[in-house]
Amino acid sequence: MDQLSAVFAALADPTRRAILARLAEGEATVNQLAEPFPISLQAVSKHLKVLEQAGLITRGKDAQWRPCRLEAAPLRDVAAWADRYRRFWEARYDSLDDYLRTLQGKASPTQED
């Protein structure tokens with residue numbers, strides 16, 4: 001699986017997105033990350049493994065703690081990918097605006113009517 005596909009696969013799960021949102025605030029341990037979720041620590045660890053394999057997080061080593069931290073660089077690739085389609089949709093919306101203005105021009109009565 002290529003890197004972009006791995007990142008999208010990791011982002012497909014709402015729990016993993018919530019974990020990334022939490023890590024955007026700062027480093028956290030697995031226990032801290034697991035607190036808001038009604039799932040086991042083992043399940044959270046599996047989510048962390050997916051995020052780590054996608055390059056979205058790294059785990060440090062501080063005595064017995066292994067704090068997790070966000071690695072945002074892969075998200076830049078996702079943003080660049082999505083940006084190409086944003087420009088596509090903006091062009092489509094501009095065409096729609098032009099079409100609607102044309103329709104409004106035809107629908108508006110003129111003084112000659």
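Starting from 1, each residue takes its place in the sequence as its number.
- Under the 4.5 Å side-chain criterion, counting only non-hydrogen atoms from C-beta, Leu48 is in contact with Arg59.
- For the pair Gln3 (side chain) and Pro74 (backbone), a donor-acceptor distance under 3.5 Å is absent.
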Would Leu20 and Ile57 count as a side chain to side chain contact (heavy atoms under 4.5 Å, CB included) if you check the C-alpha gap in whole Å, the side-chain angles of each, and the deciding distance to 0.1 Å? CA-CA 8 Å; Leu20 289 178; Ile57 68 166; 3.8 Å; yes
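- Partners of Ser5 according to the side-chain contact (heavy atoms from CB on, under 4.5 Å) rule, which considers only residues two or more places apart in sequence or in another chain, are Met1, Asp2.
- Take Ser45 and apply the side chain to side chain donor-acceptor pair (under 3.5 Å) test, not counting sequence neighbours, and it matches no residue.
- Here CG of Leu41 is found 12.5 Å from NZ of Lys46. Values are rounded to the nearest 0.5 Å.
- Looking only at side-chain heavy atoms (C-beta outward), Leu11 and Leu56 come within less than 4.5 Å of each other.
- One hydrophobic cluster, built from ILVMFWY side chains closer than 4.5 Å, cannot hold both Ile39 and Val50; they sit in different ones.
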Pairs of donor and acceptor atoms involving the side chains of residues 25-33, under 3.5 Å and at least two apart or interchain, shall be tabulated with distances.
residue : atom : partner : partner atom : Å
Glu27   : OE2  : Arg69   : NE           : 2.8
Glu27   : OE2  : Arg69   : NH2          : 2.7
Thr29   : OG1  : Gln32   : N            : 3.2
Thr29   : OG1  : Gln32   : OE1          : 3.4
Gln32   : OE1  : Thr29   : N            : 2.8

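- Counting non-hydrogen atoms of other residues, nucleotides and ligands closer than 6.0 Å to CZ of Phe88 gives a total above 12.
- Atom-to-atom distance recorded for Leu103:CG and Asp98:CG is 11.0 Å, nearest 0.5 angstrom.
- Between Ala34 and Val44, the shortest heavy-atom contact is CB-CG2, 3.7 Å.
- Glu90 meets the side chain to side chain donor-acceptor pair (under 3.5 Å) test with Arg86; sequence neighbours excluded.
- Put simply, the side chain of Arg22 does not reach to within 4.5 Å of the side chain of Leu70, judged on heavy atoms.
- Looking at residues two or more places apart in sequence or on another chain, you find no side chain to side chain donor-acceptor pair (under 3.5 Å) involving Arg76.
- Residue pairs meeting the ring-ring contact (aromatic ring centres under 6.0 Å, His included) criterion with at least one member in residues 54-85, sequence neighbours excluded, are Phe8-Trp81, Trp81-Tyr85.
- Ion pairing between a basic and an acidic side chain is recognised when a charged N comes within 4.0 Å of a carboxylate O; Arg17 and Asp13 show no such pairing.
- In this structure, CG in Leu96 is found 10.5 Å from CH2 in Trp89, a value given to the nearest 0.5 Å.
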